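See structure below.
As the structure is a computational prediction, the values presented were derived from the model and not from experiment. For reference, positions follow the sequence shown, starting with 1. Numbering of ligands and ligand atoms starts at 1, following listing order.
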Amino acid sequence: MSSTKAPDHYDLLVIGSGEAGKFLPWMLSAKHGKKTAVIERGRIGGSCPNVACLPSKNVIHSAAIAHEVRRASAFGVSLSGIDPASLKSDMPVIKARKDAMVKDVNGFQGFFDMFGVEIIRGEGTFVGPNEIQVGGGRALTADHILICTGSRARVDARIPGLLEARPMTHIELLDLDVLPAHLIIIGGGYVGVEFAQAYARLGSHVTLVQRGDQLIPREDEDVVQALSGILAKEGVRIITSADVQSASGTNGEEVTVSIRSSPGGEEEVLRGSHILMATGRIPNTADLNLDAAGIKTTAAGHIVVDEQLRASTSVFAAGDCAGSPHFTHMGFDDFRVPSVLFTDPELARVGLTEKEARAKGVPYRLAKLPMASFLRTRTLGPGASEGFAKALIEADGERILGFTALGPGAGELLPVISLAMKLNAGYRQLADLIIAHPTMNEGLVELFLLHVPDGTS
Ligand SMILES: Cc1cc2nc3c(=O)[nH]c(=O)nc-3n(C[C@H](O)[C@H](O)[C@H](O)COP(=O)(O)OP(=O)(O)OC[C@H]3O[C@@H](n4cnc5c(N)ncnc54)[C@H](O)[C@@H]3O)c2cc1C
Ligand SMILES: NC(=O)c1ccc[n+]([C@@H]2O[C@H](COP(=O)([O-])OP(=O)(O)OC[C@H]3O[C@@H](n4cnc5c(N)ncnc54)[C@H](O)[C@@H]3O)[C@@H](O)[C@H]2O)c1
C-alpha cells in the first residue's frame with residue numbers, strides 16, 4: 001500500500017556526512033536557522049576520521065616511533081644491550097591505539113545535535129530532481145540538495161585471481177592486528193607510498209608495485225627520486241613500470257602476484273602474505289539514481305559540476321564524488337589545493353610543479369635549497385637533512401606560482417606559502433620576514449632571499 005503522507009520538506013538535504021557534507025548544513029542551521037538534514041548510510045563523519053586520514057596517520061606515527069626506537073643509539077639513547085633488530089611491533093596494541101583515537105574523535109552525532117541538523121540513517125536515492133527516498137521508505141524533498149557520497153577503493157576485478165585472493169583495501173589493513181610478513185602493495189600513489197614506509201618500519205617486508213614510471217606521478221621527478229631513495233634505504237622494494245597480470249592464493253595466508261615490467265618485459269612472480277590494493281578510488285555515485293534528477297556523471301563516474309559545484313539547478317556536489325582532488329580539505333573548500341604526503345620526510349606542495357608549469361607553458365624562475373640549509377633539520381638526527389625545497393616564481397614578477405618541499409614536517413611550511421599566494425604577496429615579502437630560529441619556516445627566508453635567480457623584468 002503506498003503512503004499518502006506528504007514528503008518532509010527541508011531547505012537543504014545532504015547525502016553523506018563526511019568532510020564535504022558536514023559544514024554547510026551545520027552553518028546553515030546554526031547561523032541562518034535553515035531546516036537541514038544529512039542522510040548517512042554508514043559511519044557518521046565519513047571516511048576521514050573512521051577509515052582514512054586520521055587512522056592511517058595514527059598507524060604511521062606508531063611506525064615512526066618503531067623507527068626512532070630502533071635507531072635510538074644514534075641519538076645517544078642506550079637500549080641496554082637489546083638488539084634493535086629484535087624489537088617487535090605489537091600490532092594488537094597499535095590497532096587498539098588507533099581504535100581508541102577513532103572512537104575519541106567520533107563526537108559527530110553531538111555536533112549535528114548541537115547545530116540542529118537532523119541525521120537520517122539509511123541509503124539516499126533520487127526519485128526526482130528535488131526528491132530523495134531513504135532506504136526505499138521515507139520520502140524527502142528539499143529546495144537544495146548537496147551530494148557528498150565520497151569514494152571507495154578501486155579493486156580491479158579484471159585481474160585474474162585478484163578478487164578470489166581477497167586483497168585488502170586501506171579499510172582492512174587498518175583493522176589488521178597481525179603484522180604482514182610480506183605486504184605486496186599494488187599502486188604507488190598516496191595510499192601505497194604512505195603505507196609502504198609505515199609497514200616497512202613496523203617490520204614487514206614490503207614490495208610496492210607501480211604501473212607508471214614513477215611513484216606519485218603528479219610530482220616532479222627530482223622530488224620523487226629523492227623520496228624513492230629514502231624509501232628504498234628503509235627496505236621498501238619499489239617496482240615501477242609494472243603491470244599486474246594475475247594473483248593467486250589468499251590474503252593473510254599465502255599470495256602470489258604476477259607482474260610484467262611494461263612494455264612487453266619480463267614476468268616476475270612476487271610471493272607474499274598480504275596484498276593491499278592502492279590503485280585509486282571509485283566515486284560512490286552509481287546507486288544514487290542520478291537520472292531521476294537529470295544529473296550527469298563523467299566516464300569515471302564523477303558527478304559533473306560547474307565552478308560553483310552545481311550539478312543541476314537545485315543540486316550541488318562536493319568532495320570525492322565530484323572528482324575534486326581527493327583530499328579531505330577539498331570537501332571543505334574546493335579551491336585551495338595544498339597536499340601533504342605523510343611519509344617521513346613529508347612531501348608537501350602547493351601550487352604548480354615544474355612539470356605542470358612546463359606543460360602549461362608558464363615561464364618561471366626556480367629557487368631551490370637543500371634541507372641541510374634548513375638548520376632545524378641539523379638538530380633532528382640521521383637522515384633529517386635529506387630532501388630539499390623549491391619554489392617556482394613567475395619569470396617577470398614576484399608572485400610565487402608553486403612550492404614543493406621534501407623534508408621533516410614539510411607540511412607545516414605550506415600555510416605561510418599559501419597565505420603569501422592568496423594575498424599576492426611576492427617572494428620578497430617572505431624573504432623579509434623575521435622568523436624564530438631555529439624553526440623549519442626559517443629556511444624559507446634563505447630560499448627567497450638568496451636563491452631566486454634574477455627575473456626578466
Ligand atoms: C587511506 C587514506 C588516507 C587518506 N589520508 C588523507 C590525508 O591525510 N589528508 C587528506 O586531505 N585526505 C586524505 N585522504 C582522502 C580523504 O579521506 C577523502 O578525500 C575525504 O575523506 C573525502 O570526503 P568526502 O566527504 O568527499 O567523502 P566521505 O568522507 O567518504 O563521505 C561520504 C559519506 O557518504 C556516505 N554515503 C555514500 N553514499 C550514500 C548514500 N547513497 N546515502 C547515504 N549516505 C551515503 C558514506 O557512507 C560516507 O560516510 C585519505 C584517503 C585514504 C583512503
Ligand atoms: N596524505 C594524503 O593527503 C592522502 C593519503 C592517502 C590518500 N589520499 C587520497 O586518496 C586518494 C586515493 O589514493 P590512492 O593511492 O589509492 O590513489 P592514487 O590515484 O593516488 O594512486 C594510485 C596509483 O596506482 C597506480 N595503479 C593503478 N592501477 C594499477 C595497477 N593495476 N598496478 C599497479 N599500479 C596501478 C596508478 O598509476 C596510481 O599512481 C588519492 O588521490 C589521495 O588524494 C591522500
Side-chain angles (χ1 to χ4, degrees), residues 14-23 38-57 59-60 108 120-126 132-135 146-156 158-159 162 169-171 173-174 185-196 208-218 239-245 247 257 259 262 276-290 317-332 334 337-343 346-348 411:
V14 181
I15 317 178
S17 67
E19 199 68 8
K22 289 187 305 232
F23 292 95
V38 176
I39 305 162
E40 174 56 63
R41 68 178 181 193
R43 298 194 225 198
I44 297 175
S47 311
C48 176
N50 290 298
V51 294
C53 327
L54 292 181
S56 64
K57 274 49 195 193
V59 171
I60 285 169
F108 292 110
I120 300 170
R121 303 308 306 249
E123 172 134 4
T125 46
F126 280 87
I132 287 174
Q133 205 168 50
V134 182
L146 175 62
I147 309 172
C148 303
T149 48
S151 64
R152 62 189 184 280
R154 193 168 75 84
V155 179
D156 191 345
R158 294 166 306 180
I159 298 175
L162 184 63
T169 68
H170 58 103
I171 296 178
L173 182 68
L174 286 167
I185 301 180
I186 304 179
Y190 271 75
V191 171
V193 169
E194 285 186 0
F195 280 131
L208 181 57
V209 181
Q210 164 72 330
R211 179 187 271 161
D213 61 4
Q214 71 167 45
L215 303 177
I216 318 288
R218 212 185 136 187
I239 305 174
T240 53
S241 301
D243 244 353
V244 176
Q245 305 290 301
V257 175
I259 57 167
S262 46
L276 171 69
M277 294 305 292
T279 50
R281 313 282 301 169
I282 299 180
N284 296 323
T285 54
D287 299 332
L288 287 168
N289 194 28
L290 293 170
D320 287 6
C321 70
S324 320
H326 287 187
F327 298 113
T328 291
H329 40 278
M330 286 295 104
F332 187 58
D334 254 81
V337 198
S339 63
V340 180
L341 175 74
F342 289 91
T343 42
E346 289 175 3
L347 165 52

Which is closest to [atom] in terms of heavy atoms, [options]?
atom                    : options                       : value
atom 52 (C) of ligand 1 : Ser17, Ala318, Ala52, Ala278  : Ala52
atom 32 (C) of ligand 1 : Cys148, Gly16, Ala153, Pro283 : Cys148
atom 17 (O) of ligand 2 : Gly280, Ser47, Ala153         : Gly280
atom 36 (N) of ligand 1 : Lys57, Arg152, Arg41          : Arg41

Atom CG of Asp156 with >12 non-hydrogen neighbours under 6.0 angstrom: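 Yes.
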Flag for Asp320-Ser151: side-chain donor and acceptor within less than 3.5 Å: yes
Contact (N/O only, under 3.5 Å) between Glu40 and ligand 1: yes
Under 4.0 Å to a heavy atom of Cys48 - the qualifying atoms of ligand 1, by number: 21 (O)
Atoms of ligand 1 close to Glu123 [distance to a heavy atom under 4.0 angstrom, numbered from 1]: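 Going through ligand 1 atom by atom, the ones under 4.0 Å from Glu123 are 41 (N), 42 (N).
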Find all atoms of ligand 2 within a distance of less than 4.0 Å from any non-hydrogen atom belonging to [X], and give their numbers and elements.
X      : result
Val340 : 1 (N), 2 (C), 3 (O)
Pro217 : 39 (O)
Val209 : 33 (C), 34 (N)

Close side-chain approach of Gln210 and Pro217, heavy atoms under 4.5 Å: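 Yes, side chains in contact.
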Minimum side-chain heavy-atom gap Val193-Phe342 below 4.5 Å: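 No, too far: nothing below the 4.5 Å cut-off.
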Where Arg121 and Val134 come nearest, the two heavy atoms and their spacing: O-CG1, 3.7 Å
Test of proximity, Gln210 against ligand 2: N or O pairs below 3.5 Å: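 Yes; at least one N/O pair falls below 3.5 Å.
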